[in-house]
2 protein chains.
Amino acid sequence: MTTPLEKARKDPESMKARILAVARRIFGEYGFHGTTTRMIAQQVGIDISTLHYHWGGKKDLYEAVVVDINKDLGQKLIETEKVIHGLPLTERLDIAIDRMTDYLFANPDISNMILFRYFGKTRYEGNTDFSVPEFTADIARSMGLARDKKNVPPETMMKVLAVMNSIHAFIAGENFFCPMVKVDRERYIALVKETLKFVHIPAFTLNETR
Amino acid sequence: MTTPLEKARKDPESMKARILAVARRIFGEYGFHGTTTRMIAQQVGIDISTLHYHWGGKKDLYEAVVVDINKDLGQKLIETEKVIHGLPLTERLDIAIDRMTDYLFANPDISNMILFRYFGKTRYEGNTDFSVPEFTADIARSMGLARDKKNVPPETMMKVLAVMNSIHAFIAGENFFCPMVKVDRERYIALVKETLKFVHIPAFTLNETR
DNA sequence: TTACCTATCCATCAAATGATTGAATCGCAG
DNA sequence: CTGCGATTCAATCATTTGATGGATAGGTAA
């Protein structure tokens, strides 16, 4: 059995998929209440009723976006984990930061949406959540900071969160920070990687040798 | 001459001030579009028209909140700068993180609003901005990373941003992260300070001795 | 052809929302 | 007390916004 979302992911040219892709971007930029179904429909070039025909209501579409992003992020984390598996901690961090940064700069919707869920409230009784807790525990294990993904100590969770939050903040804040430090996009991306490594590699490697 | 905002800040019991205080909290929680003037009025316990009488439109109130928060944050940064002035870098970071964390946990509206401005767009042509660029440059100078607040190199700006973003993220994300690491509020605050120091102090002190 | 299903749009509705108007009400100087 | 400005509220308006119903076009099977 295939869910509507799976169907949409399979054929990126389908109307369902096109709507979903635009919804990801706009929900990420403006948040749930800042986005109107008309904005999405207009960007896709269709009527609002077509949007409702494919995805039901605004809330349903939003939930679908959350699930969609969850899948993409989870998949990328698994892929990254495979690449860095077995390497020494410093290298693991170095490679993971490079890869995740590149990926999220190419898909800023992910960082945008995650930060909106962290910090913002919505006025409706939404319940679908990002799998951030599991992802965080997974990363902790992948970084060698915990044996299994169950019972990761709070201190370790916080350290992993610090890394992920730093990345998301620089990605989602590009429009704000890029003009602020007066560099172009390419240089900004390089600066983000550099800064993330500058901040996080000493912390974790110092801890290792203590 | 006193602006309306200044008047409101002087007498915290005035209706203007009460509205402003509630607006800070709700705009911080729900963002601009997620907040309705009715929500604010209801929390204050007044009619919407009273809100309009004192503050004009929703946008005007929002802008007032931005300016208000800007003042508070700027003042706190100046105060912190005085306290840590002249101390060695490690101590400066230690004390500054403690004080800013405590302050922002007591005033989470500040972190909430700043993050909303970083990451989210609004559908109206707003222009009032936070003084984040100047603040960032000031902090860089205060930390001894730059001689004067003019011409702070991009690398330095990014490092300071990394610190500030980490703090804001943990403050604004309390409702999300606190249940996630399964600790109570008090323990969470302690964990935030600990994590911030764990991450940022090695980075900056290593850099100093290199 | 006919019947039917899918996908799309146009017109429209009902609720939410920002804003205004005019009528009370309050406080206080004279 | 009287008068008046400042403040507050109930009622209402105009627009936005999420959502729906019905019509239309296109394709497909019998």
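All values below were derived from every heavy atom in this structure, side-chain atoms included, with hydrogens, water molecules and symmetry-related copies excluded. All of these numbers come straight from a predicted model, not from anything done at the bench. The chains referred to below are lettered A, B, ... by the order of the sequence lines, with proteins before strands, and numbering in each begins at 1.
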> Under 4.0 Å between a side-chain N or O of A:Y53 and OP1 or OP2 of C:dA7?
Replying inline: yes
> Who are the salt bridge (Lys or Arg N to Asp or Glu O under 4.0 Å) partners of A:R38, not counting sequence neighbours?
Replying inline: none
> Taking the side chain of B:H54 as its heavy atoms from C-beta onward, which of D:dT16, D:dG18, D:dT7 lies nearest to it?
Replying inline: D:dT7
> Is the Lys NZ or Arg CZ of B:K58 less than 6.0 Å from the centre of B:F32's six-membered ring, within 45° of the axis?
Replying inline: yes
>> Nearest to the A:R123 side chain among C:dT12, C:dT17, D:dT8, which nucleotide is it?
In response: C:dT17
> Does a side-chain N or O from A:H33 land closer than 4.0 Å to OP1 or OP2 of C:dA16, or not?
Replying inline: no
> If you find the nucleotide of DNA chain D closest to A:D60 and the one closest to B:D47, which residue's nucleotide is nearer the 5' end?
Replying inline: B:D47
> Between B:F170 and A:Y118, is the ring centre distance below 6.0 Å?
Replying inline: no
>> Need one value for B:T36: base, sugar-phosphate or nothing, where a base atom within 4.0 Å counts as base even if backbone is also close, heavy atoms only.
In response: sugar-phosphate
>> What contact category does B:I48 fall into here, base, sugar-phosphate, or nothing, at under 4.0 angstrom with non-hydrogen atoms?
In response: base
> Think B:S49 has a side-chain N or O under 4.0 angstrom from the OP1 or OP2 of D:dT8?
Replying inline: no
> Given that B:G56 and A:R18 both sit by DNA chain C, which one's nearest nucleotide is further toward the 5' end?
Replying inline: A:R18
>> What verdict does the salt bridge (charged side-chain N to carboxylate O under 4.0 Å, His left out) test give for B:E186 and B:K193, after you've listed the backbone C-alpha separation in whole Å, the side-chain angles of each residue and the deciding distance to 0.1 Å?
In response: CA-CA 11 Å; B:E186 195 187 6; B:K193 291 181 186 174; over 6 Å; no
>> Regarding D:dA19, can its base be found pairing with the side chain of A:T37 as donor and acceptor, where the two atoms are less than 3.5 Å apart?
In response: no
